Amino acid sequence: MDAASLIQHLQLTPHPEGGYFRETYRSNDNTLNSDGDNRSQSTAIYFLLENQNKSHFHRIKSDELWFFHQGEPIEILYFENAVLHTIQLGNDFQVGQVAQAVIPAHVWFASRLLSGSGYGLVSCTVSPGFDFQDFELAKKQNLLLEFPEYPEIIEEMTLD
Ligand code: GUN
């Protein structure tokens with residue numbers, strides 16, 4: 001299947017951070033997030049990036065687990081202790097790709113296709129569950145001030 005057929009088949013819609021997604025699971029049980037707000041215990045999504053799509057730098061309040069399904073490898077970028085880290089999510093283990101990754105809560109992270117063409121399909125789960133109130137898209141100017149050593153990547157991977 002090509003990306004357009006997959007997006008239709010899986011009923012994905014555009015995500016505000018970039019790419020396409022659909023929530024596939026939301027626990028009926030509740031818990032409190034790190035700020036003491038009531039949240040579902042856990043949620044899962046399909047997430048797809050195609051071609052030059054970017055998931056722009058954003059942060060959430062839960063650790064996020066990523067699982068690679070099919071297509072082209074995805075590069076996840078995140079800042080930890082003011083250093084930019086990258087993970088290659090894919091199934092070519094011999095070149096260092098991993099099929100699972102954990103992005104810690106509260107860090108700024110972004111993703112894109114490693115090759116910039118084709119598509120990559122993954123799942124992402126969070127616990128406590130996702131809520132757009134816990135979701136913050138980065139402002140370019142703020143990230144440039146916080147991480148002055150990475151102007152090119154911040155320029156490319158932020159929305160405004
Ligand atoms: N639900 C809606 N958006 C997201 C997201 O970016 N991550 C996760 N895990 N769930 C979501």
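Since the structure is predicted, the reported quantities are computational estimates derived from the model, not experimental observations. Numbering of residues begins at 1 and proceeds along the displayed sequence. In listed order, ligands and their atoms are each counted from 1. As a basis for the values below, the full set of heavy atoms in this structure was taken, side chains included, without hydrogen atoms, waters or symmetry mates.
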**Asked** Does any non-hydrogen side-chain atom of Lys140 lie less than 4.5 Å from one of Asp160?
**Response** no
**Closest approach of any protein heavy atom to atom 11 (C) of ligand 1, naming residue and atom** = Phe130 CG, 3.2 Å
**Message:** Before we go on, tell me: are the rings of Phe109 and His58 under 6.0 Å apart, centre to centre?
**Reply:** yes
**Prompt:** Parallel under 30°, tilted from 30 to 60°, perpendicular over 60°: which one fits the rings of Tyr46 and His69?
**Reply:** perpendicular
**Prompt:** By number and element, which atoms of ligand 1 are closer than 4.0 Å to a non-hydrogen atom of His15?
**Reply:** 2 (C), 3 (N), 4 (C), 5 (C), 6 (O)
**Item:** Phe21, portion touching ligand 1 at heavy-atom distance under 4.0 Å
**Value:** side chain
Sequence neighbours left out, cut at 3.5 Å: what donor-acceptor pairs do the side chains of residues 92-106 make with other protein atoms?
| unit_1 | atom_1 | unit_2 | atom_2 | d |
| --- | --- | --- | --- | --- |
| Gln97 | OE1 | Asn91 | N | 3.3 |
| Gln97 | OE1 | Asp92 | N | 3.0 |

**Item:** Enumerated ligand 1 atoms positioned under 4.0 Å from heavy atoms of Glu17
**Value:** 6 (O)
**Item:** Distance filter under 4.0 Å to Val126 heavy atoms, resulting ligand 1 atoms
**Value:** 9 (N)
**Prompt:** Any donor and acceptor pair, going by atom type alone, linking the side chain of Thr43 with main-chain N or O of Phe130 inside 3.5 Å?
**Reply:** yes
**Complete:** Atoms of ligand 1 under 4.0 Å from any heavy atom of Glu64, numbered from 1 in the order shown, are 5 (C), 7 (N), 8 (C), 9 (N)
